[in-house]
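Structure first, then comments.
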Amino acid sequence: MDPTLTLIGALMLVISIILSPLSSRVGMPVLLVFLVVGMMMGEDGPGGIEFDNFELAFLIANLALGVILLDGGMRTRVETFRVGLRPALMLATLGVALTAGGAAVVAWWVFDLHWLMALLIGAIISSTDAAAVFSLLQGRGLHLNERVSATLEIESGSNDPMAIFLTLLLVTLIGSYEEGALTQGLLMLLQQFGIGTLAGLAGGFAVVQLVNRIQLTPSLYPLLVAAAGIAVFSATNAIGGSGFLAIYLTGVVIGNRQVRMMPMILQVHDGLAWLAQLCLFLILGLLVSPSELIPLAGAGLVLALALIFVIRPITVLLTLWPFGFNRRELGFISWVGLRGAVPIVLALFPVIAGLQDAQLVFHAAFFIVLVSLLVQGTTMAPLARLLKLEVPAGEGPYRRLPLDVPAAGDHELMLFPLRGQVWENPRPLGHLRFPDNTAIAGVFRDRKCLQPRRELKVASGDVIAMFATPALLPDLGKALSGRQTPQHLAERAFFGDFVLNGDALLGDVEQVYDIEFDGLSPDLSLAECFAKRTKGHPVVGDKVVLGRVTLVARATDADRVTKVGLKKLA
């Protein structure tokens, strides 16, 4: 192997990682940085590397997407399916088809192509990208309300089979039309979804059993999960199912079961997902020559802007109107139709098949991804805050270490650094209130471990080590949080000064707080008010305005609001 190639590859990774902090400073998606570095190292850039091995790029891209989807699935809580599954599936099926059709009309007009080739471009750019969505939602410190975040995450993780089906069907029709191709295509769609779903669920449960039954060195568990996930992905593809859907569901099953060494698995897989994204976008960037993008920039920009401002919003409105989303939520979901690696990978299909105008399709898809990351990716966080879709979140631990002994159950050792104005004045440990079934293991200060006595005062700069279970993380985060939050996300500013039970009756609230709810039955509970307003699926942060009072959902259990904040309007 030529050492120059490995040196160049390593330097590309180093440059991309070093430049990644720049993305948060200028509001640029880090994935765009990786793409640009790849393009700069290509034949038109200073690097001058000539790379046109589409088969190798396709293999690397598929493996990288599998790792990214596995990590995203493990971080998706199954509880979010109650509010996000049905709308996300509508977007992932009917929404993808509507997007492909709308984009095809514009592509046929701006590129002057045959209608089948225009449909192929529409199909390729029809799905949102899990890598881009997971990266931007998790990397920008956004804590969106559950209805929005669940819908976006599940949609981006499950809409690939529909886009792949449409792309393969159209590649077949264009390459060699055969009678009955449409029927075969529909059967392929059912096969992709059906086998992908069954293989993903079965694979997930098998991986959980394997990890929990085998004794390994702790550092090998993350590698076992990664290897098993790729095995599920490859096996599903081999038998005609959707490997992307299968590995995503495998991750969901693993992430929502009791799994040995899970915090370590998640920590290592976070690094693996970043490495996969780096390699994926660098390779895709190398494939593209910027000089070949310039001739189609005008037509590509028209298609990209039509997709962002017209096609995606209309699709979201048509598919999500029955599910109780408000206008702000619909507006944000419409905007976060991020295109990323998947459209570029799908654009490799016509190139490998040797179709006419395949290079035009590939470069058009690449250009649209660039515009999407630049326009939508850079504005996603500010728009979420402008639309007030964030909800307060407690601070998580700096490090979680599983104990992995039977007597400890699922207890972990968690390290919480104390920071912020709340901890500037020292407070005795005995004055802090922690949930039951937790214990302070020690306090670290100036590289020394202090005994956790009740009279010991802790302040900013100290680190508290706690024994606790993962279920208690939200309560611990609130008890030990000291980070600065925007005024509108402060607990009292967001939820109000009064906390009520969800089963409190409107009539009782009227009497106690001297307010009137005209036109509403006094026998109606606060929880029932939220259920009616949200069509049965309330989430934390939902608001119901009743006269001079705003009710804010503070806590939920399944589909019922259990705690309600009350804010009186001025």
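Computed from heavy atoms alone, side chains included, the values below leave out hydrogens, waters and symmetry copies.
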Exercise for the section: Find out whether F193 and T93 are in side-chain contact, i.e. whether some heavy atom of one side chain is under 4.5 Å from a heavy atom of the other. Expected result: yes

Practice task
Kindly give the heavy-atom pair with the smallest separation between G229 and L70, and that separation in Å.
Solution key: CA-CD2, 4.3 Å

Problem - Crowding at CZ, R257 (>12 non-hydrogen neighbours, <6.0 Å) - result: no

Exercise for the section: Check whether any side-chain N or O of T438 sits under 3.5 Å from a backbone N or O of A468 as a donor-acceptor pair, and report yes or no. Expected result: no

Handout entry: Ion pair E155/R86, N-O distance below 4.0 Å
Key = no

Exercise for the section: Starting from the C-alpha separation in whole Å, work towards a yes-or-no answer on side chain to side chain contact (heavy atoms under 4.5 Å, CB included) for M380 and F332. Expected result: CA-CA 8 Å; M380 190 177 78; F332 186 74; 3.6 Å; yes

Problem - Side-chain (D542) to main-chain (A553) donor-acceptor, under 3.5 angstrom - result: no

Handout entry: Non-hydrogen side-chain atoms of L389 and L383 separated by less than 4.5 Å
Key = no

Completion exercise
Separation between OG1 (T469) and CG (L472), nearest 0.5 Å, reads 3.5 Å

Problem - 4.5 Å side-chain heavy-atom contact, V336 and L152 - result: yes

Handout entry: Spatial distance of atom OH (Y221) from atom CG (N212) [nearest 0.5 Å]
Key = 8.5 Å

Practice task
Answer whether the closest heavy-atom distance between the side chains of V316 and L91 falls below 4.5 Å.
Solution key: yes

Exercise for the section: Taking all non-hydrogen atoms of both residues into account, name the closest pair between V509 and A504 and its distance. Expected result: CG2-CB, 4.4 Å

Problem - Stepwise side chain to side chain contact (heavy atoms under 4.5 Å, CB included) test for V552 and K567 - result: CA-CA 8 Å; V552 186; K567 297 170 64 175; 3.9 Å; yes

Practice task
Look only at the side chain of S126 and the backbone of A123, and say whether a donor-acceptor pair between them is shorter than 3.5 Å.
Solution key: yes

Exercise for the section: Scan L526, D557, V499 and name whichever one has a side chain to side chain contact (heavy atoms under 4.5 Å, CB included) with K563. Expected result: V499

Handout entry: Gap between atom CD1 of I464 and atom CG of L415 - 0.5 Å precision
Key = 10.5 Å

Handout entry: Pair F530-V539, side chain to side chain contact (heavy atoms under 4.5 Å, CB included): steps then yes or no
Key = CA-CA 9 Å; F530 282 97; V539 297; over 6 Å; no

Handout entry: From CA spacing to verdict: side-chain hydrogen bond (donor to acceptor under 3.5 Å, both in side chains), N501, T562
Key = CA-CA 6 Å; N501 287 324; T562 56; over 6 Å; no

Practice task
Decide yes or no for V549 and L566: does some side-chain heavy atom of the first lie under 4.5 Å from some side-chain heavy atom of the second?
Solution key: yes

Practice task
Just do the side chain to side chain contact (heavy atoms under 4.5 Å, CB included) check on L401 and R399 with the steps written out, would you?
Solution key: CA-CA 7 Å; L401 304 171; R399 188 67 51 84; 4.0 Å; yes

Practice task
Taking R328 for its side chain and L387 for its backbone only, find out whether a donor-acceptor pair lies under 3.5 Å.
Solution key: yes

Practice task
Please confirm whether the backbone N or O of V148 pairs with a side-chain atom of E329, one donor and one acceptor, at under 3.5 Å?
Solution key: no

Completion exercise
Sorted by chain and number, sequence neighbours left out, ring-ring contact (aromatic ring centres under 6.0 Å, His included) with F498 holds for Y513

Practice task
Walk me through it: do H269 and D71 pass the test side-chain hydrogen bond (donor to acceptor under 3.5 Å, both in side chains)?
Solution key: CA-CA 6 Å; H269 274 258; D71 179 69; 5.1 Å; no

Practice task
Indicate the atoms forming the closest heavy-atom contact of L429 with P452, along with that distance.
Solution key: CD1-CA, 3.8 Å

Practice task
Verify, without hydrogens or angle tests, whether H411 (side chain) and A408 (backbone) share a donor-acceptor contact under 3.5 angstrom.
Solution key: yes

Exercise for the section: Please confirm whether R427 makes a cation-pi placement over W423, using NZ or CZ under 6.0 Å from the six-membered ring centre and within 45° of the ring normal. Expected result: yes

Exercise for the section: Indicate yes or no for a side-chain donor-acceptor contact from W321 to the backbone of L318 under 3.5 Å, with no hydrogens or angles considered. Expected result: yes

Exercise for the section: With the side chain counted from C-beta on, respond yes when L418 and L480 share a heavy-atom pair under 4.5 Å apart, and no when they do not. Expected result: yes

Problem - Donor-acceptor under 3.5 Å (R147 side chain, L144 main chain) - result: no

Handout entry: Gap separating the CE atom of M162 from the OG1 atom of T99, nearest 0.5 angstrom
Key = 10.0 Å

Practice task
Look at the side chain of R339 and the backbone N and O of G337, then say whether any donor-acceptor pair between them is shorter than 3.5 Å.
Solution key: yes

Problem - Stepwise salt bridge (charged side-chain N to carboxylate O under 4.0 Å, His left out) check, R560 with D503 - result: CA-CA 9 Å; R560 185 173 181 82; D503 55 6; 6.0 Å; no

Practice task
Check whether any side-chain heavy atom of Q192 sits under 4.5 Å from a side-chain heavy atom of I164, and report yes or no.
Solution key: yes

Problem - Least distance between heavy atoms, P343 atom then I125 atom - result: CB-CA, 4.2 Å

Handout entry: Nearest atoms (heavy-atom pairs only) where V545 meets T550
Key = CG2-OG1, 3.9 Å

Fill in the blank from the handout: Output for pair (S242 OG, F233 CZ), nearest 0.5 Å, gives 8.0 Å

Exercise for the section: Compare every heavy atom of S525 with every heavy atom of E528, then report the nearest pair and how far apart it is. Expected result: OE1-N, 2.9 Å

Practice task
Apply the test side-chain hydrogen bond (donor to acceptor under 3.5 Å, both in side chains) to residues N145 and E390: give CA-CA distance (whole Å), side-chain angles for both, the deciding distance (0.1 Å), then the verdict.
Solution key: CA-CA 6 Å; N145 83 46; E390 286 185 289; over 6 Å; no

Exercise for the section: Determine whether D462 and F444 make a side-chain contact, defined as any pair of heavy atoms from C-beta on separated by less than 4.5 Å. Expected result: no

Problem - Exam field: side chain N256 to backbone T76, donor-acceptor pair closer than 3.5 Å - result: yes

Completion exercise
So OG of S372 and CZ of R312: to nearest 0.5 Å the spacing works out to 9.5 Å

